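Below: one structure, written as structure tokens.
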Amino acid sequence: MDSATLSARLLAWYARRRRDLPWRRDVNPYRVWISEVMLQQTRVEAVRPFYERWLARFPDVAALAVAEEEEVLRYWAGLGYYRRARMLHAAARRVVAAGGELPRSRAGWRELPGVGEYTSAAIASIAFGEAVPVVDGNVKRLAARFLALELAADDRALHRKAEEWAGQLVVAAPAPGDLNQALMELGATVCTPRAADCEHCPLVGACASTGGDPLARPLPTRRPRWREVRLEHRLARRDGRVLLVQCRESGWTPGLWEPPRLAVGEDRSGLIPLGTVRHVISRHRIEATAFLDPGWDGSGGVDPERVPLSGLGRKLLGLLDRA
DNA sequence: TACACGTGGAG
DNA sequence: TCTCCAAGTGT
């Protein structure tokens, strides 16, 4: 089956089955940009509320550029991969400093911090109709199954094959942005990692995995080993304020806030064990024990509503509320 | 280049 | 409970 036919099938399926998502209403380059960055390695359902709040507070690139980083991070807190927010903010400031016009081409977008190979192609195709393929996890999975490629998800060879395959489809499509979104939508809803609903797939028959075992591809990747980490934190509260410190630039969640860690060997006399929380960051499994410091003099106190809390910080403060 | 970077949902 | 992994990017 030729690319034009496949593209037409995908577009027809997409027109019928596309989900109603906030960033698919009132499409403009800024909104597409925000949605694409939020969606990096993040599920649609997780993004939805963050996107709505963000757009209400930062409706355009100018509003984002003039905001303080602390507030930007507060609107991102809970979404994860916080570097995305800081790069988004830096990019907005750069755009505004250069006159306020957002780029109109893939190459222009690619120069902005936080906008890589995938995101530049997504924005250029969706917001400007540029016929460039997107290669995300969905497209790679679809390509592996459609072309019956015995390659692992993290294999660069699969990335190249997927780009080539999607490239043929997107140049054959009258609406490149919709074609790209159709591929990703298909991967997210019909041809998922753990299920393949071939009955409802517009590519059934043309796909090399039809009647076979689509779930066998792409091949499994090797996982990095978990690292167990034990931490101890000092918690204190006084007059509605709590003891918080800002995470270092070199840490897991730079710029975010959490209760300070107890150094190894630090004096624990006078501290009361509050409990333990578990938290996962990247490949680290953290077990954090909280100690209440009833003698805190209030110095360094922060209103927890006013700063972006790390996930671990949020869990630790939860122990404080129950104490 | 391999690795670091978050979080939460699904099975 | 546990593993996998989601519309990636930067170093």
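The structure displayed is predicted, hence computed values, not measured ones. Chain letters run A, B, ... following the sequence lines, proteins first and then strands; every chain starts at 1.
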(request) Give a yes or no on whether a salt bridge exists between A:E45 and A:R48, defined as a side-chain N under 4.0 angstrom from a carboxylate O. (result) yes
(request) Rounded to the nearest angstrom, tell me the gap between atom CD in A:E249 and atom P in B:dA4. (result) 19 Å
(message) Does this structure show an ion pair linking A:E185 with A:R18, if we count only N-O contacts that are shorter than 4.0 Å?
(response) no
(request) Send over the distance from A:R225 CZ to B:dA2 P, rounded to a whole Å. (result) 17 Å
(request) For A:R227 and for A:V280, locate the closest nucleotide of DNA chain B by heavy-atom distance; then report the residue assigned to the nucleotide nearer the 5' terminus. (result) A:R227
(request) Write down the distance between CE (A:M38) and P (B:dT7), rounded to a whole number of angstrom. (result) 15 Å
(message) Rounded to the nearest 0.5 Å, what separates atom CG in A:L231 from atom NE2 in A:H233?
(response) 4.5 Å
(request) Please name all residues satisfying side-chain contact (heavy atoms from CB on, under 4.5 Å) with A:P103, sequence neighbours left out, ordered by chain then number. (result) A:W109, A:L112
(message) Give the residues of residues 75-89 of chain A touching DNA chain B, defined as any heavy atom closer than 4.0 Å, sorted by residue number.
(response) A:G78, A:L79, A:G80, A:Y81, A:Y82, A:R83
(request) Using a cut-off of 6.0 Å, state whether more than 12 heavy atoms not belonging to A:E111 lie near its atom CD. (result) no
(message) Using a heavy-atom cut-off of 4.0 Å across all strands, would you classify A:T192 as base, sugar-phosphate, or nothing?
(response) nothing
Please set out all donor-acceptor pairs under 3.5 angstrom arising from side-chain atoms of residues 10-17 of chain A, sequence neighbours excluded.
unit_1: A:Y14; atom_1: OH; unit_2: A:R24; atom_2: NE; d: 3.2
unit_1: A:Y14; atom_1: OH; unit_2: A:Q181; atom_2: OE1; d: 3.3

(message) Looking only at the side chain of A:W226 (C-beta and beyond, no hydrogens), which of the listed nucleotides B:dA4, C:dT3, B:dT7 gets closest?
(response) C:dT3
(request) Assign each of A:W23 and A:P113 to its nearest nucleotide of DNA chain C by heavy atoms, then name whichever residue's nucleotide is nearer the 5' end. (result) A:W23
(message) Under 6.0 Å from the ring centre and within 45 degrees of the ring axis: does the NZ or CZ of A:R53 meet both conditions for the six-membered ring of A:F50?
(response) yes
(message) Check for me whether A:R285 meets the cation-pi criterion with A:W226, that is, NZ or CZ under 6.0 Å from the six-membered ring centre and within 45 degrees of the ring axis.
(response) yes
(request) Would you mind classifying the nucleic acid contact of A:R48 as base, sugar-phosphate or nothing, using non-hydrogen atoms under 4.0 angstrom? (result) nothing
(message) Check for me, please, whether A:V66 and A:L88 land in the same ILVMFWY cluster - side-chain distances under 4.5 Å, paths through other members count.
(response) no
(request) May I ask you to verify if any side-chain N or O of A:H284 is less than 4.0 angstrom from the OP1 or OP2 atom of B:dC5? (result) yes
(request) For C:dC5, take OP1 and OP2 only and decide whether either is under 4.0 Å from a side-chain N or O of A:R223. (result) yes
(request) Nearest whole angstrom, please: distance from the P of C:dG8 to the CD1 of A:I123. (result) 13 Å
(message) Heavy atoms only, 4.0 Å cut-off, all strands: where does A:E117 land among base, sugar-phosphate and nothing?
(response) sugar-phosphate
(message) Among C:dA6, C:dG8, B:dG8, which nucleotide has an atom closest to any side-chain atom of A:P193?
(response) C:dA6
(request) In plain terms, say whether A:R86 and A:E69 are close enough for a salt bridge, that is, a side-chain N and a carboxylate O under 4.0 Å apart. (result) yes
(request) Indicate whether the side chain of A:S310 and that of A:E258 have a donor and an acceptor atom separated by less than 3.5 Å. (result) yes
(request) Verify the neighbour count for atom CZ of A:R268: are there more than 12 heavy atoms of other residues, nucleotides or ligands below 6.0 Å? (result) yes
(request) Look at A:T42 and B:dT7 and indicate whether a side-chain polar atom (N or O) is within less than 4.0 Å of OP1 or OP2. (result) no
(message) If you take any heavy atom closer than 4.0 Å to DNA chain C, which residues from residues 150-170 of chain A end up in contact?
(response) none
(request) When you get a sec, tell me which of C:dA6, B:dC3, C:dT9 is the closest nucleotide to the side chain of A:R283? (result) B:dC3
(request) With sequence neighbours excluded, give me every ring-ring contact (aromatic ring centres under 6.0 Å, His included) pair touching residues 256-303 of chain A. (result) A:W252-A:H284
(message) In whole Å, I'd like the distance from the CD1 atom of A:I286 to the C1' atom of B:dT7.
(response) 12 Å
(request) Provide, to the nearest angstrom, the distance between the CD atom belonging to A:Q40 and the C1' atom belonging to B:dC5. (result) 12 Å
(request) Answer with base, sugar-phosphate or nothing: what part of the nucleic acid does A:R18 contact at a heavy-atom distance below 4.0 Å? (result) nothing
(message) Using whole Å, what does the distance between atom C1' of nucleotide B:dG8 and atom CZ of A:R278 come to?
(response) 16 Å
(request) Check every strand shown and say whether A:S35 touches a base, only sugar-phosphate, or nothing at a heavy-atom separation below 4.0 Å. (result) nothing
(request) Ignoring backbone atoms, test whether A:Q41 places a side-chain nitrogen or oxygen under 4.0 Å from the OP1 or OP2 oxygen of C:dG8. (result) yes
(request) Mind calculating the distance between NZ (A:K140) and C1' (C:dC5) to the nearest angstrom? (result) 12 Å
Are any protein N/O atoms closer than 3.5 Å to N/O atoms in nucleotides 9-11 of chain B? If there are, list each pair with its distance.
unit_1: B:dG9; atom_1: N2; unit_2: A:R43; atom_2: NH2; d: 3.4
unit_1: B:dG11; atom_1: O4'; unit_2: A:R194; atom_2: NH2; d: 3.4

(message) On the nucleotide C:dT3, are OP1 or OP2 found under 4.0 Å from the side-chain N or O atoms that A:R285 carries?
(response) yes
